[in-house]
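Report on the structure given below.
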Amino acid sequence: RTLLQTLSAVPAAGFVAGMPAIARAAEFSFKYGNNLPLTHPLNVRSQEAADRIAKETNGRVEIKIFPNNQLGGDTDMLAQVRSGGITFFTPSALVIATLVPVAAINAVGFAFADYNQVWAAMDGKLGQHVRDAIGKVGLHAFEKMWDNGFRQMTTGAKQIQSAADMDGLKIRVPVSPLSISMFKALGASPTSLQFSEVYSSLQTRIVDAQENPLPIIQVAKLYEVQKFCATSNHIWDGFWFIAHGRSWAGLPPDLQKIVATAINEAGVKQREDIKGLNETVQADLQAKGLAFNHPAPESFRAKLRDNGFYAEWKGRFGDDAWALLESAVGKLA
Ligand code: X2X
């Protein structure tokens, strides 16, 4: 066990006289940070997993969740999970790619047609390829990726009907080289900001637009500061549930098994939650005043192709990873 784990496992309530034995301090007390509001399925299902883990380990493993950027933005939490300051983090593939470049491969523009393709790839060889790369930087990635969703664009001033409307659009994107490259290739003027800054940057008009899956637009109330939503489905994005490698390796195998099973099974349920939300959230957002349109993908794809986006990223990801992606989604470039 690392010094940090030992320190965070200092007994608290457990030593108070008269407390029942079950309230003793956990042997392994872990922090899990993420960037989403408590109401998002990622947090609902993680809390379920944490409760199940506490129960099945008889209180030996405790996971405390710090949602909504309480521990800082994505960049901060990525640094913390690398140092062991926190044990668990769920970065989007876009964000962990700042450390593990190939992790952004699922986010190549307009690659996935539907969820059947997504989960076949991410639970299959492409996901394995990315998990191996994450393992090489001292982090452990759990087997089942969690869903963020297909990303959609929202704007404040004008509706996006086709790729021509992207020209000069001041759009916030995550801290992600692929997102910057893709939106530049579309003619937009992208800025990377951590998620914690998105609402206020739209409100104060530092940017005019952002892009996120509908469930996030809902739970983060972005409809309050945006008028239009183009359901472009331009990127499929998911969250890798990752652990600080040495802390994970220091957990006895029987406890590892309980934790991994609970997290992976919660992840599969979370995928179902997002799928369900995708079917209902649009009506709710419309009722809240967001005007929807559904632009056809062709003009966007053509602009990306003509501006060399696919050729560039094929080179950056390498032939092996690109071949795995194309075997899942068909020829891209
Ligand atoms: O920052 C975002 O836009 C979010 C919440 O989708 C990610 O985590 C990439």
Side-chain angles (χ1 to χ4, degrees), residues 32-46 65-81 86 88-101 103-109 112 118 122 130 141 145-155 170-183 188 190-202 206-223 225-226 229-242 267 270-271 273-274 277-278 281:
Y32 159 41
N34 68 61
N35 63 1
L36 295 183
L38 255 187
T39 46
H40 189 276
L42 175 97
N43 276 311
V44 176
R45 295 297 181 183
S46 317
I65 305 177
F66 296 83
N68 214 13
N69 298 296
Q70 280 174 17
L71 301 178
D74 280 332
T75 310
D76 308 296
M77 288 187 282
L78 193 56
Q80 289 163 28
V81 77
I86 61 176
F88 300 106
F89 176 38
T90 39
S92 141
L94 290 166
V95 168
I96 195 174
T98 56
L99 180 64
V100 182
I105 191 150
N106 62 259
V108 168
F112 290 105
V118 166
M122 302 323 291
V130 173
M145 200 177 191
W146 293 43
D147 195 13
N148 190 354
F150 282 91
R151 300 182 76 93
Q152 322 294 359
M153 301 184 214
T154 65
T155 49
K170 280 172 25 191
I171 186 167
R172 174 272 174 180
V173 297
V175 180
S176 153
L178 182 131
S179 301
I180 291 283
S181 157
M182 181 167 155
F183 280 89
T191 307
S192 274
L193 291 171
Q194 308 213 62
F195 188 64
S196 45
E197 297 174 279
V198 172
Y199 187 98
S200 62
S201 65
L202 291 167
I206 289 170
V207 290
D208 301 325
Q210 70 83 44
E211 43 87 56
N212 252 300
L214 299 186
I216 287 194
I217 294 167
Q218 186 190 46
V219 296
K221 301 191 193 312
L222 300 182
Y223 52 81
V225 287
Q226 295 279 265
C229 180
T231 53
S232 49
N233 294 308
H234 54 279
I235 281 175
W236 177 77
D237 187 20
F239 297 102
W240 285 110
F241 213 113
I242 60 168
Q270 189 268 359
R271 294 176 182 181
D273 296 340
I274 297 290
L277 281 177
N278 284 337
V281 166

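Ligands are counted one by one from 1 in listed order, and the atoms in each one are counted from 1 as well. Both backbone and side-chain heavy atoms feed into the values below; hydrogens, waters and symmetry mates do not.
- Judged by the shortest distance from any of its heavy atoms, Gln210 lies outside the 4.0 Å radius around the atoms of ligand 1.
- Listed by atom number, the atoms of ligand 1 under 4.0 Å from Asp237 heavy atoms are 9 (C).
- Residue contact check: Ile216 has heavy atoms under 4.0 Å from atoms 5 (C), 6 (O) of ligand 1.
- Partners of Ser176 by side-chain hydrogen bond (donor to acceptor under 3.5 Å, both in side chains), not counting sequence neighbours, listed by chain and number: Ser179.
- The nearest heavy-atom contact from the protein to atom 2 (C) of ligand 1 is Arg172 NH1, 3.5 Å.
- Under the 3.5 Å distance criterion, the side-chain polar atoms of Gln80 are matched with a main-chain donor or acceptor of Leu71.
- The contact set between ligand 1 and Ser92, taken as ligand atoms under 4.0 Å from a residue heavy atom, comprises 7 (C), 8 (O), 9 (C).
- Looking only at distances, a side-chain donor or acceptor of Asn106 sits under 3.5 Å from a matching main-chain atom of Trp236.
- Per-residue contacts place Phe239 under 4.0 angstrom from the following atoms of ligand 1 (heavy atoms of the residue considered): 8 (O).
- When non-hydrogen atoms are compared, ligand 1 lies under 4.0 Å from neither the backbone nor the side chain of Glu197.
- No heavy atom of Gln194 sits closer than 4.0 Å to any atom of ligand 1.
- Across all their heavy atoms, Cys229 and Leu214 have their closest contact at SG-CD2, 3.9 Å.
- Under a 4.0 Å heavy-atom criterion, Val198 is not in contact with ligand 1.
- Side chain of Gln152 to backbone of Pro213: no donor-acceptor contact under 3.5 angstrom is found.
- The only member of Trp240, Phe88, Phe241, Phe89 that meets ring pair (Phe, Tyr, Trp, His ring centres under 6.0 Å) when paired with Trp146 is Phe241.
- Among pairs with a residue in residues 210-220, those fulfilling side-chain hydrogen bond (donor to acceptor under 3.5 Å, both in side chains) read Arg151-Glu211, Arg151-Asn212, Thr154-Gln210, Gln210-Asn212, Glu211-His234, Gln218-Asp284, at least two apart in sequence or across chains.
- Asn35 ND2, 2.9 Å is the protein heavy atom nearest to atom 8 (O) of ligand 1.
- In terms of N/O distances under 3.5 Å, ligand 1 is not approached by Glu211.
- Given atom 6 (O) of ligand 1, the protein heavy atom at minimum distance is Asn212 OD1, 2.6 Å.
- Side-chain polar atoms of Asn34 and Thr90 form no donor-acceptor pair below 3.5 angstrom.
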